[in-house]
Number of protein chains: 2
Amino acid sequence: MTRKSQDANGSTIRDVAARAGVSASTVSRVLGGDYPVSTATRTRVLRAVRELDYVADARAKAVAGVGTPTLAFVLEDITGPSFALMAHGVEREATRLGHLCLVCSTEGDVQRELDFIETMRAQRTAAVILVGGTADTPEYRERTRRIADSLASAGSRLVLCGRPPLGPGAPVTVIEYDNEGGAYALVAHVLAQGHQRILFLGGKPHHATAQGRERGYLAAHRARGLDPDPELLLHGDFTRDSGHRLMRLALSRKLEFTAVVAATDMVAAGALTALHEAGLDVPGDVSLAGYDDIPFARDLYPALTTVHVPYEELGRLAVRTALGRTAESPDEHLLLGTHVVVRDSIAAVTS
Amino acid sequence: MTRKSQDANGSTIRDVAARAGVSASTVSRVLGGDYPVSTATRTRVLRAVRELDYVADARAKAVAGVGTPTLAFVLEDITGPSFALMAHGVEREATRLGHLCLVCSTEGDVQRELDFIETMRAQRTAAVILVGGTADTPEYRERTRRIADSLASAGSRLVLCGRPPLGPGAPVTVIEYDNEGGAYALVAHVLAQGHQRILFLGGKPHHATAQGRERGYLAAHRARGLDPDPELLLHGDFTRDSGHRLMRLALSRKLEFTAVVAATDMVAAGALTALHEAGLDVPGDVSLAGYDDIPFARDLYPALTTVHVPYEELGRLAVRTALGRTAESPDEHLLLGTHVVVRDSIAAVTS
DNA sequence: CGGCGTTGGGCAACCGGTTTCCACGCCGTA
DNA sequence: TACGGCGTGGAAACCGGTTGCCCAACGCCG
């Protein structure tokens, strides 16, 4: 409670100065670099620093304008493999560019997301990266645009990663990947194997990512002059359990299909297990495909045919474009390509 | 370059004060809470805040001693499922306790780890959580102890999560889980099914976690009066590719075994794929077990028998004990239990 | 009507750094 | 010997907040 010094807290620059017999400015200068300081003084200061195990308070430096820049990363749940991949990309690139990396899971709670972004604005982070699909409603656009403006006026930057864009004029960087195109290619591939009735295990009806993939599924059919049976279109979410549940549902309903396309690999994993549990052979009895190409896809049995999404690259790109933006460069909107990777879970129909 | 105000940066408390026609202290007080302020003044201030979209700079608050506390989380690679689980636990508990969460992947680079910890000390984080096994060498202990002291003297706290403890006296919180016991139980289970020659797909020889699991493997044999064939002990790392490679190696060497125990589920996944590729049936021809019980374990085919480790809980506990520690409570050392979860990948030998 | 307690709000010090500006001593040179 | 320039280092202002202290105005009561 006295003037302070040996508290549980680290020592201050003044403590170091006192011990070295110089002023605080001098300590700052020998630590800071470029200003000329005599060798004798420098030595004394450095010794004091070592003896006190001193490290300058990064928050104070930040206030003074020379802090470590930081960037924030907010997602629904780091536990999902594709999220983890993106997180990895973000984190790598961030530290490569000398930035710290704050992370927050929203657990899908919009309010938490809002609160967190406000906190990040207070932290003066260089950028806030929002990742993961969501419903593309007018309300979403308006809310997100407000966030973007607010962040921009604080000198920060909003990045949407795999999220619906906001339309022109919003100070936002958008990095997307092609959901519709990927699904189109994948379903076209399945159709080309002779399958006619393809069960689609989709996500939430309003979820933008889910919609994109569903559109691809439909478009691929139409391109062949086919009109898929609406019964074959099931909706759930992007989890393993959803896939498992939906697959059992389809089986119990005795729907007719020779192939299953799942909206994500996680969904496919759940579906695959359900098929196995029902004693069905994949791809002998039923073919199966996923979407995302998470690392585990190749260790499923049979190895899963799926659509590769460059998630890690997505993350890297997000921070690179967000940080690399020059003062008034135009707002960027990137659309990354996807491609189907053929493995063993799809067979040609024999008949 | 003038006196500032409408820069790209957010507005300051003085801007708000000016606009509301009060002093900065008053603004701080209406925002801060408890100090009595007249309704009229409060209204004016709040309006100014709204009009300027003002948020107090969190870094400045931190310097003044009322900042948002932060905690750091350093691991090798967020991409590993068990790491992701722990990260999730840490993140959840941290935000529950009102802390921000910094994250950094070291990619296994000791120097990066050191640098990052130093940065965290500068950030004055409430705690630094180091997670993931590593080699338990004297050099490790000494280095880590220095870090712990250094952090402690800065009022921060080091938490070792699934890492070798440092021995008594170090200002450290250690949260471990039982590697040897889990492996012992698992291997005992496999032996009880009648298997005599069990291939062990281990990790790096000096890696503490790997050693613990290997010890369990050996102890379970000895408890039955068995002495495992040294040929059956293979070493790699904890990745899927290592499991794949080692399994192929074992097959090409024509080693004799009826069961495989992998040091992690990832290793098991790689091994399983290698077995499938070789045309072997699991568990018909070969039984297989893993360790970790990552979410994917049940979607492998056959569903993987493995040892459950409460990773998410581990993460939650790490932050709770680190933050909950009262001034001079004794340094804690928790050892969490594990248990084997039996699925379909192990069959009894028919002989 | 005057003393007094309460309320509301400004000034200034402080948090821990950085940086501008200036003073001082020493040197070389005219 | 006087003077100008350079090499060093300190004092003080600043970054953007919070808070202790003090004072003015107001209402209440005697």
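Throughout, protein chains are lettered first and strands after them, A, B, ... in sequence-line order, and every chain is numbered starting at 1.
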Inter-axis angle, terminal five-pair segments of the helix from dC1(C)-dG30(D) to dA30(C)-dT1(D) [nearest 10°]: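 Terminal axis comparison yields 70°.
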
Rounded to the nearest angstrom, tell me the gap between atom [atom1] in [X] and atom [atom2] in [N].
{"X": "Ile13(B)", "N": "dC14(D)", "atom1": "CD1", "atom2": "P", "answer": "18 Å"}
{"X": "Leu31(A)", "N": "dT18(C)", "atom1": "CG", "atom2": "P", "answer": "7 Å"}
{"X": "Arg59(B)", "N": "dC15(D)", "atom1": "CZ", "atom2": "P", "answer": "13 Å"}
{"X": "Leu52(A)", "N": "dG16(C)", "atom1": "CG", "atom2": "P", "answer": "14 Å"}
{"X": "Asp34(A)", "N": "dT8(D)", "atom1": "CG", "atom2": "C1'", "answer": "15 Å"}
{"X": "Asp57(B)", "N": "dT18(D)", "atom1": "CG", "atom2": "C1'", "answer": "13 Å"}

Test: salt bridge (Lys or Arg N to Asp or Glu O under 4.0 Å). Region: [range]. Which pairs qualify, not counting sequence neighbours?
{"range": "residues 26-36 of chain A", "value": "none"}
{"range": "residues 127-140 of chain A", "value": "Asp136(A)-Arg141(A), Glu139(A)-Arg143(A)"}
{"range": "residues 84-104 of chain B", "value": "Glu107(A)-Arg92(B), Glu93(B)-Arg96(B), Glu93(B)-Arg320(B)"}

Kindly compute the distance separating CE (Met86(B)) from CD1 (Ile78(A)), expressed to the nearest 0.5 Å. 13.0 Å

Please determine whether a side-chain nitrogen or oxygen atom of Thr12(A) lies at a distance below 4.0 Å from atom OP1 or OP2 of dG16(C). no

By side chain to side chain donor-acceptor pair (under 3.5 Å), which residues pair with Arg146(B), not counting sequence neighbours?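 For Arg146(B), the residues satisfying side chain to side chain donor-acceptor pair (under 3.5 Å) (neighbours in sequence not counted) are Glu142(B).
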
If the condition is salt bridge (charged side-chain N to carboxylate O under 4.0 Å, His left out), which residues does [X] pass it with, not counting sequence neighbours?
{"X": "Arg59(A)", "answer": "Asp57(A)"}
{"X": "Glu76(A)", "answer": "none"}
{"X": "Asp77(B)", "answer": "none"}
{"X": "Glu113(A)", "answer": "Arg163(A)"}

Using a cut-off of 4.0 Å between protein heavy atoms and nucleotide atoms, how would you tag nucleotides 7-13 of chain C 5' to 3' with B, S and -? -SBBBB-

Check the side chains of Arg121(A) and Ser156(A) for a donor-acceptor pair under 3.5 angstrom, ignoring hydrogens and angles.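 Checked: Ser156(A)/Arg121(A) side chains show no N/O donor-acceptor pair below 3.5 Å.
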
Where along residues 60-67 of chain B does a heavy atom fall under 4.0 Å from DNA chain C? Val63(B), Ala64(B)

State which residues pass side chain to side chain contact (heavy atoms under 4.5 Å, CB included) with Thr26(B); sequence neighbours excluded, sorted by chain then number. Val22(B), Ser23(B), Val30(B), Thr41(B)

